[in-house]
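This report refers to the structure that appears directly beneath it.
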Protein chains: 4
Amino acid sequence: MAPTRQERKESLTKMREQQILDAALKVFSAKGFAEATTTEIAQEAGVAEGTIYNYYQSKRDLLVSVVKTFVITESFLGIFENAGELEFPALLTTVLNNRMDFIGESGKNRLLLLMSEILRDPELKMIYDRQVIKPIMTRMEKYFETKSAKGEFRPLQTGVVTRALGGMVLGLLLITLLEGESSPLQSVPRQSLVAEMVQLITEGVQPH
Amino acid sequence: MAPTRQERKESLTKMREQQILDAALKVFSAKGFAEATTTEIAQEAGVAEGTIYNYYQSKRDLLVSVVKTFVITESFLGIFENAGELEFPALLTTVLNNRMDFIGESGKNRLLLLMSEILRDPELKMIYDRQVIKPIMTRMEKYFETKSAKGEFRPLQTGVVTRALGGMVLGLLLITLLEGESSPLQSVPRQSLVAEMVQLITEGVQPH
Amino acid sequence: MAPTRQERKESLTKMREQQILDAALKVFSAKGFAEATTTEIAQEAGVAEGTIYNYYQSKRDLLVSVVKTFVITESFLGIFENAGELEFPALLTTVLNNRMDFIGESGKNRLLLLMSEILRDPELKMIYDRQVIKPIMTRMEKYFETKSAKGEFRPLQTGVVTRALGGMVLGLLLITLLEGESSPLQSVPRQSLVAEMVQLITEGVQPH
Amino acid sequence: MAPTRQERKESLTKMREQQILDAALKVFSAKGFAEATTTEIAQEAGVAEGTIYNYYQSKRDLLVSVVKTFVITESFLGIFENAGELEFPALLTTVLNNRMDFIGESGKNRLLLLMSEILRDPELKMIYDRQVIKPIMTRMEKYFETKSAKGEFRPLQTGVVTRALGGMVLGLLLITLLEGESSPLQSVPRQSLVAEMVQLITEGVQPH
DNA sequence: TATGAATGAGCATTCATTCAT
DNA sequence: CATGAATGAATGCTCATTCAT
């Protein structure tokens with residue numbers, strides 16, 4: 001059935017809301033919250049400045065909404081659903097590649113720049129924790145516990161290990177960004193990088 | 001000998017400069033660069049707003065100066081100088097404790113909040129890279145190469161491993177901050193946390 | 001036909017722009033550029049301070065715009081178009097009266113006060129030269145050349161004479177302003193003043 | 001007799017006062033009153049900023065003092081003392097040359113830039129009128145009256161003529177400054193310029 | 001609902017003036 | 001008297017938010 005006028009209108013409205021949100025993400029990421037202007041967001045979204053306020057109460061509200069949409073992609077969490085079927089190194093390789101693709105695709109420092117706003121604000125922190133951190137950590141902890149129980153891993157403090165490993169990915173990214181062009185990692189092929197990390201996590205640094 | 005009038009004056013001047021720098025660090029950390037106001041920095045420093053401009057050219061210059069003083073503490077780099085005498089686990093334990101003390105003592109998220117400004121600004125990035133990241137990474141890489149060569153470590157891509165390990169510490173901190181009160185790490189004693197990380201880095205997750 | 005909504009809006013906008021320009025002229029004239037404040041200009045224009053910046057990029061831009069609108073009135077240049085038909089003394093009388101009316105009507109010292117800003121600033125100087133000085137001088141020179149060629153004037157260095165005569169009007173005004181109330185010219189009727197100047201320019205000071 | 005300590009001190013003091021005044025004239029001329037800073041004046045004078053306030057009550061007071069020193073040079077007024085002995089054209093030539101030297105030597109626009117400050121301020125206007133304008137005008141009027149009475153000039157409204165001629169010199173200068181490099185007067189030799197003006201004033205523009 | 005001009009509070013910065021040494 | 005650091009009022013300008021159309 002063809003959409004009614006009512007429906008078409010609603011879908012237009014939804015679209016406009018999304019446009020604004022996308023624009024806000026882009027601008028906040030590039031400049032940070034304080035240095036972003038509503039003027040620029042409006043331009044980026046292709047709407048008038050006033051229109052933003054028909055959808056969002058304030059610039060701050062827009063930021064909160066942006067963070068709220070930062071849900072972990074289903075595809076990522078899905079990896080863990082079928083995790084039992086894969087060997088750990090294979091899984092880890094998949095996860096690391098997935099994360100690096102994610103960072104790559106959505107703009108190198110988008111995530112990290114938003115992070116600074118999040119760290120500064122208790123409300124945002126809570127939202128982000130609930131929507132991103134907790135789901136991932138829970139999934140990972142469960143995975144490690146199972147593996148540990150089966151004897152495929154040595155006994156682990158899963159709380160610590162998950163955060164250490166999650167942190168490793170995040171921190172590696174940060175350091176790379178800080179080093180910029182001069183980072184020696186720039187010349188390491190992705191495959192080689194991932195392989196080394198997998199080995200580090202699996203075996204540590206000690207000799208066989 | 002008693003300080004001359006000249007000397008006393010100079011020391012007063014130095015003190016005032018330091019006061020302003022300290023105040024700036026505090027306020028920038030709490031609010032971020034853009035949302036920090038010179039009024040607040042002046043109040044925090046206990047001087048008039050105009051006085052700031054007798055010492056620093058601009059608010060931006062103040063930020064640069066703050067970042068410049070973020071040199072890695074000598075004590076930290078010193079650890080690596082005498083590194084040969086310690087077993088790796090003992091060294092690692094020392095390093096981790098040192099880092100956590102550092103974070104603890106200098107204000108929980110001070111470092112991380114400044115980092116967001118640093119990431120956004122090429123000039124600051126360069127300064128921070130040169131003064132903090134590079135020295136640490138160089139020291140660590142040399143250490144790992146030596147160990148590897150002696151056969152105490154398996155063959156490593158030291159560039160990757162150092163950044164992964166450095167990143168782990170940084171990222172762990174980030175995640176903890178994001179989780180806040182609700183983090184399970186809150187209830188893990190420092191000693192236990194460090195021990196687990198040491199083991200993870202040494203042996204990885206695989207069973208013996 | 002009645003003006004469309006669009007047109008009405010545009011005319012309102014034009015009006016506001018003009019209001020601001022008028023206010024700026026007034027305030028700049030009274031206080032000079034540096035001592036004029038945007039606050040005062042806004043008040044004078046009856047708009048908010050921010051509104052100024054919807055129309056002009058900066059206070060400086062406002063000054064430039066003010067100077068740009070100082071085009072010589074058409075009526076003045078028109079005098080020279082039909083100059084051939086008048087005897088020189090009659091023409092001169094017309095010109096002098098026109099200039100004195102102009103000064104009188106547009107605020108006594110407006111022109112002169114702006115001139116100080118103009119003299120100080122190369123860009124403004126160029127604008128004013130191109131829009132006011134050059135057109136007048138060109139017209140006058142052409143006029144004198146023609147008259148000279150016809151033998152109605154003695155042979156003249158027209159470049160010098162035009163500027164000397166233009167300068168006479170300007171300088172007379174300046175001196176009068178400096179002398180203020182105490183000037184003996186205050187008690188000379190306009191007609192008499194103009195007549196004397198005409199005779200001076202025509203015959204000089206020598207006896208017949 | 002050698003100067004006493006007392007005297008030497010006083011002369012030093014006088015010198016310093018003069019230094020400050022000279023510096024102020026220079027800076028005010030170059031930038032205008034409002035845009036000149038006490039810092040710059042102090043630097044120019046080679047004293048500390050605070051020292052200025054030991055000699056002058058305020059920046060404004062400094063401006064007043066600067067204007068007060070703008071007395072007409074004796075040499076100029078002296079010209080008129082012995083005026084009787086010279087033919088008018090010779091005298092006029094002397095005066096014009098003197099004025100143009102004066103302008104040339106003391107910096108092209110020094111006088112004119114100060115004039116804008118003077119025009120804006122009643123107190124300064126009065127001072128300048130009394131010290132510069134009035135003496136010149138009085139002298140000139142007396143001269144013209146005498147000449148007129150003797151029949152060497154036609155009957156003149158001396159008040160008007162003196163101001164018209166004084167204004168001519170001033171205005172010519174102004175126009176030249178406004179035209180800058182592009183002025184045709186740039187290529188007219190001084191002698192020729194003066195000669196033309198003398199003839200204009202003496203005979204006017206009419207043919208013999 | 002969409003628009004965009006108007007608003008005015010808020011900020012970084014300047015600079016004349018003061019005053020302790 | 002000389003100094004120059006400290007002061008803080010004043011200013012140009014920005015930008016989130018409102019609201020008449």
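All chains are named by letter (A, B, ...) in the order of the sequence lines, taking the proteins before the strands, and each is independently numbered beginning at 1.
One interatomic measurement links the two molecules: CG of B:L63 to P of E:dC11, which rounds to 18 Å at whole-angstrom precision. Rounded to whole Å, atom C1' of E:dA12 lies 10 Å from atom CD1 of B:I52. In this entry the distance linking OH of D:Y56 with P of E:dT18 reads 17 Å, nearest Å. Distance, D:L62 CG to E:dT17 C1': 14 Å, rounded to whole Å. The distance from atom NZ of A:K14 to atom C1' of E:dT1 is 16 Å, rounded to the nearest whole Å. E:dG4 atom C1' lies 20 Å from atom OH of C:Y53, rounded to whole Å. F:dA2 atom C1' lies 10 Å from atom CD1 of D:I20, rounded to whole Å. To the nearest angstrom, P of E:dT17 lies 11 Å from CZ of D:R60.
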Secondary structure of DNA chain F in dot-bracket form (Watson-Crick or G-U wobble, distances below 3.5 Å, | marking inter-strand pairs): .||||||||||||||||||||
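Within a heavy-atom distance below 4.0 Å of DNA chain E, the residues of residues 30-47 of chain D found are D:A36, D:T37, D:T38.
Using a 4.0 Å heavy-atom cutoff across all strands shown, B:Y55 reaches sugar-phosphate atoms only and no base atom.
Screening C:L62, C:V66, C:V67, C:L63 for a side-chain contact (heavy atoms from CB on, under 4.5 Å) with C:L25, the sole residue that qualifies is C:V66.
Closest of all the heavy-atom pairs between D:A36 and D:F28 is CB-CD2, 3.6 Å.
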Could you go through the side chain to side chain contact (heavy atoms under 4.5 Å, CB included) check for A:K26 and A:D22 one step at a time? CA-CA 6 Å; A:K26 194 165 168 184; A:D22 290 346; over 6 Å; no
C:K125 vs C:R120, side chain to side chain contact (heavy atoms under 4.5 Å, CB included): CA-CA, chis, key distance, verdict: CA-CA 8 Å; C:K125 231 149 77 172; C:R120 215 167 262 148; over 6 Å; no
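Taking CD of A:E44 as the start and CD1 of A:I20 as the end, the distance is 12.0 Å to the nearest 0.5 Å. Summarising the geometry, atom CZ belonging to C:R16 is positioned 13.5 Å from atom NZ belonging to C:K14; distances are rounded to the nearest 0.5 Å.
The side chain of A:N54 sits closest to E:dA2 out of E:dA2, F:dG4, E:dT14. Of the candidates E:dG4, E:dT13, F:dT17, the closest approach to any side-chain atom of A:A48 belongs to E:dG4. In the set E:dA12, F:dC13, E:dA6, the nucleotide with an atom closest to the side chain of B:E49 is E:dA12. Closest to the side chain of A:R16, out of E:dA2, F:dT7, F:dG4, is E:dA2.
A donor-acceptor distance shorter than 3.5 angstrom exists from the side chain of B:K59 to the backbone of B:F33, with no hydrogens or angles considered. Judged by distance alone, the side chain of A:S65 and the main-chain N or O of A:D61 form a donor-acceptor pair under 3.5 Å.
Contact check on D:R60 versus D:E117 returns no salt bridge, with no Lys/Arg side-chain nitrogen under 4.0 Å from an Asp/Glu carboxylate oxygen.
Along DNA chain F, the nucleotide nearest A:G50 and the nucleotide nearest C:K59 are compared for position; the residue whose nucleotide lies closer to the 5' end is C:K59.
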